[in-house]
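For reference, the structure is listed below as structure tokens.
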2 protein chains.
Amino acid sequence: MRRKRVTSKDVAEKVGVSRTTVSLVLNNVRGIQISNETRRKVLETATEMNYVPNAAAQTLASSRTKAIGLVLTRTQHHIATDAFLPKIISGLLTTAKKQNIRILIDWVETEHHDSAYFELAHADRIDGMILSTPRLNDSALKALEGVDIPTVLLGRIAESNLPFVDVDNTKAAEKATSYLIGLGHKNIACIANAPSEYTSAPERVQGYSDALSRLKIPINESLIRYAEFDPESGYECMKSIMKNGDPFTAVFVASDNVAIGAKAALREANLRVPDDISLVGFDNIPWAEYSDPPLTTVQLPAESLAQTACTLILDLINGKSVNIKHQIMLDTELIIRKSCRPI
Amino acid sequence: MRRKRVTSKDVAEKVGVSRTTVSLVLNNVRGIQISNETRRKVLETATEMNYVPNAAAQTLASSRTKAIGLVLTRTQHHIATDAFLPKIISGLLTTAKKQNIRILIDWVETEHHDSAYFELAHADRIDGMILSTPRLNDSALKALEGVDIPTVLLGRIAESNLPFVDVDNTKAAEKATSYLIGLGHKNIACIANAPSEYTSAPERVQGYSDALSRLKIPINESLIRYAEFDPESGYECMKSIMKNGDPFTAVFVASDNVAIGAKAALREANLRVPDDISLVGFDNIPWAEYSDPPLTTVQLPAESLAQTACTLILDLINGKSVNIKHQIMLDTELIIRKSCRPI
DNA sequence: CTACACTAGTAACGCGTGTTAGTAACGCGC
DNA sequence: GCGCGTTACTAACACGCGTTACTAGTGTAG
């Protein structure tokens with residue numbers, strides 16, 4: 001039952017040429033002379049025999065794996081509740097597929113950063129890697145700069161010279177907060193999307209602070225919390241802010257997913273959105289548009305991010321424009337719905 | 001700057017033994033005689049030199065890729081809005097990591113099913129594959145049964161003999177619908193999670209029908225719709241049902257993600273949950289617990305599904321218990337919250 | 001002393017491909 | 001008829017590893 005695998009040797013024998021010829025034809029090697037007749041025959045026979053080149057052999061011979069790695073560094077729980085991952089994957093897949101590149105997903109546990117990165121890079125399993133949501137305290141990032149496979153960060157790290165693709169979190173958060181200020185709000189709470197070692201969190205809080213500072217509104221630290229990606233943490237943060245007692249009329253939650261929980265906490269305290277509290281989110285997940293009331297939020301172009309990162313890494317792998325410092329920031333847009341009102 | 005890669009030959013030379021010895025020691029081959037002294041030296045030197053075996057070479061020599069494929073067959077849009085993917089990936093990663101197996105994600109477009117499956121399997125890039133959410137009309141499934149790498153379906157296909165892991169969708173849907181009937185509801189609408197070619201959709205509708213039939217409640221086809229995974233389609237389906245005019249007091253939505261949209265449509269029509277309409281969902285995504293009111297829904301063990309599928313495929317790869325027919329159904333549980341009330 | 005088992009290794013092949021250096025045949029100008 | 005360029009290929013090596021068959025040396029029983 002088990003068909004023997006077809007190799008280029010089999011094809012060569014059937015056509016009556018050498019294996020070299022088969023390889024040359026199938027790889028469409030330039031500047032080499034093969035008669036059209038032979039060329040046609042080889043292509044025909046290969047298709048007919050269902051010949052598929054062995055990936056490992058190709059890799060070994062050419063030292064090209066035709067695969068890139070998507071490396072996740074969060075905890076298992078954070079991966080499972082990540083509302084973004086599908087968009088990232090979708091973006092990567094579409095871009096990679098066009099160039100016939102495969103995507104390898106890997107997960108690096110916190111404790112083993114160094115060795116894990118290292119192994120991946122040196123086992124020659126992938127041509128390049130995309131590192132998702134890096135952290136500030138990621139000691140292995142330095143090591144990465146010394147490693148010899150192209151790497152692109154999905155998210156920014158100020159301390160690192162690695163190429164990255166990100167949105168301008170600070171600017172986006174400032175835009176969102178300024179919108180609230182424009183509506184007359186002065187006491188604005190802020191719940192960050194993630195713990196502060198994930199760079200996007202402090203960046204967004206910075207944007208929030210910038211907006212307040214620019215209009216000389218004092219910053220009240222007791223209105224700021226750091227959530228942990230999921231609704232549950234948003235719920236807890238919101239409750240913690242309310243318990244603290246300092247008055248506020250608006251909340252900027254730097255993640256829609258977290259906002260789901262924050263809203264529940266407000267509801268529990270009989271505070272209505274937007275009548276009592278104005279709410280702005282971040283990410284524009286599908287839920288935002290259909291929530292009650294529809295959530296004003298920052299549109300984050302997740303698929304574009306992934307596509308850009310993918311294109312960049314492929315360029316780096318192919319040695320295109322390597323001398324440029326690739327640090328790309330994508331634009332965001334504030335989508336105004338009905339979760340805020342003037343004070 | 002670019003360090004030359006370290007091969008087993010380098011290690012062998014440094015220790016002063018043959019490459020064979022290095023290989024035997026590092027792979028811990030049984031029943032072979034190597035002195036403890038040599039063994040120690042080899043291990044030490046390998047670590048010291050940062051030796052990482054080349055994956056392609058290992059694959060070529062052993063015909064084991066140490067990778068499994070997760071094959072997605074939906075459209076790009078459906079992948080991007082899939083609230084489940086993160087859990088599946090998280091489950092796969094944890095299980096695979098324990099055995100030092102990598103995960104390759106691939107996406108097969110509808111038009112190229114046959115050839116794409118075939119290529120993946122025959123390029124020897126993966127040892128086995130997990131096929132996510134297969135469709136009924138997937139003509140290539142038959143071809144797959146003939147292909148010689150182990151395959152596990154994540155989701156069930158009655159027509160196929162392939163091993164699968166799934167939840168008992170019919171039973172789960174019946175449980176949910178029976179709960180509504182138990183509360184006194186008779187006119188119950190049903191919105192399926194996906195188009196009917198995705199097997200889970202008709203299965204869940206079947207469960208819904210079964211529950212009604214068992215209690216002799218007539219089935220009204222005009223209260224049934226098929227959504228397309230996302231909130232938007234849920235919104236449209238709900239509106240379509242209301243427009244139709246047939247009365248109903250409860251809705252069973254076979255996907256929480258779809259329910260997000262359905263709820264918005266009800267709200268727009270000034271119908272309140274649960275006061276006017278009782279609502280039951282399916283999946284128990286994080287949102288369900290924090291929505292207003294908290295949504296009664298079927299708990300779908302996504303991570304367990306993935307872990308089970310992963311374990312199964314690894315067993316198949318390793319030739320364990322191949323003679324058993326592996327068709328595994330996991331249990332679901334109805335989580336009762338506050339989105340339903342007696343009539 | 002010989003036969004034989006055991007220890008500790010090694011040489012050499014094969015996996016399937018990409019690629020370079022080389023060659024045989026042929027035409028063509030002088 | 002000879003030199004030379006062009007066409008159309010091929011032989012052979014390299015990639016880095018797993019693995020099998022073999023060997024040299026040592027102990028040990030008869």
- Item | Candidates A:T75, A:T81, A:D82 - the one meeting side-chain hydrogen bond (donor to acceptor under 3.5 Å, both in side chains) with A:H78 | A:T75

- When rounded to the nearest 0.5 angstrom, what is the spacing between CG in B:D124 and OG1 in B:T65? 7.5 Å

- Item | A:L24 vs B:V52, nearer the 5' end of DNA chain D by closest nucleotide | A:L24

- Query: In whole Å, what is the span from the CG atom of B:L60 to the C1' atom of C:dC15?
  - Reply: 4 Å

- Rounded to the Å, how far apart are A:L26 CG and C:dT17 P? 10 Å

- Report yes if a side-chain nitrogen or oxygen of A:S23 is closer than 4.0 Å to either non-bridging phosphate oxygen (OP1 or OP2) of C:dT17; otherwise report no. no

- Note on the structure: To the nearest angstrom, the CZ-P distance between A:R125 and D:dC17 comes to 13 Å

- Most 5' of B:N36 and A:I32 on DNA chain C, judged by nearest nucleotide: B:N36

- Item | Side-chain donor or acceptor of A:S160 paired with backbone N/O of A:I157 under 3.5 Å | no

- Remember a base hit wins even if backbone is also touched, and classify A:T59 as base, sugar-phosphate or nothing at under 4.0 Å, heavy atoms. nothing

- Message: Whether A:R125 and A:D106 form a salt bridge (side-chain N of Lys/Arg under 4.0 Å from carboxylate O of Asp/Glu) is what I want to check.
- Response: no

- Task: Tell me whether the OP1 or OP2 atom of D:dC9 has a side-chain N or O from A:S18 closer than 4.0 Å.
- Result: no

- Query: Is there a donor N/O on one and an acceptor N/O on the other, under 3.5 Å, for the side chain of A:T20 and the base of D:dA11?
  - Reply: yes

- Query: What is the distance from atom OG1 of A:T95 to atom CG of A:L314, rounded to the nearest 0.5 Å?
  - Reply: 8.0 Å

- With a 4.0 Å cut-off, would you call A:R40 and A:E44 a salt bridge? yes

- Let me know the distance between CZ of B:R5 and P of D:dG16, rounded to the nearest Å. 6 Å

- Query: Base, sugar-phosphate, or nothing: which does B:Q33 touch, judged by heavy atoms less than 4.0 Å apart?
  - Reply: base

- Message: Categorize A:T21 for me: base, sugar-phosphate, or nothing, with a 4.0 angstrom heavy-atom threshold over every strand shown.
- Response: base

- Starting from P on C:dT19, measure out to CZ on A:R19 and report it in whole angstrom. 12 Å

- Query: At under 4.0 Å between heavy atoms, what does A:N27 touch on the DNA or RNA strands: base, sugar-phosphate, or nothing?
  - Reply: sugar-phosphate

- Quickly work out the B:Q58 CD to C:dG16 P distance and round it to whole Å. 17 Å

- Message: Students often get this wrong, so: under 4.0 angstrom with heavy atoms, is B:S35 touching a base, only sugar-phosphate, or nothing?
- Response: sugar-phosphate

- Query: NZ of A:K9 versus C1' of C:dG18: gap in Å, rounded?
  - Reply: 17 Å

- Query: So what is the end-to-end bend of the helix from C:dC1-D:dG30 to C:dC30-D:dG1, with 5 pairs used at each end and the value given to 10 degrees?
  - Reply: 70°

- Atom pair distance, as rounded to whole Å: CG in B:N28 and C1' in D:dT19: 16 Å

- Item | Short N-O contact, A:E48 and A:K14, less than 4.0 angstrom | yes

- Look at A:D127 together with A:K66 and state whether they make a salt bridge at an N to O cut-off of under 4.0 Å. no

- Message: Under 4.0 Å, heavy atoms only, any strand: does B:V17 hit a base, just the sugar-phosphate, or nothing?
- Response: sugar-phosphate

- Remember a base hit wins even if backbone is also touched, and classify B:T38 as base, sugar-phosphate or nothing at under 4.0 Å, heavy atoms. sugar-phosphate

- Go through the N and O atoms of the side chain of B:R64 and the base of D:dG18, and report whether any donor-acceptor pair is under 3.5 Å. no

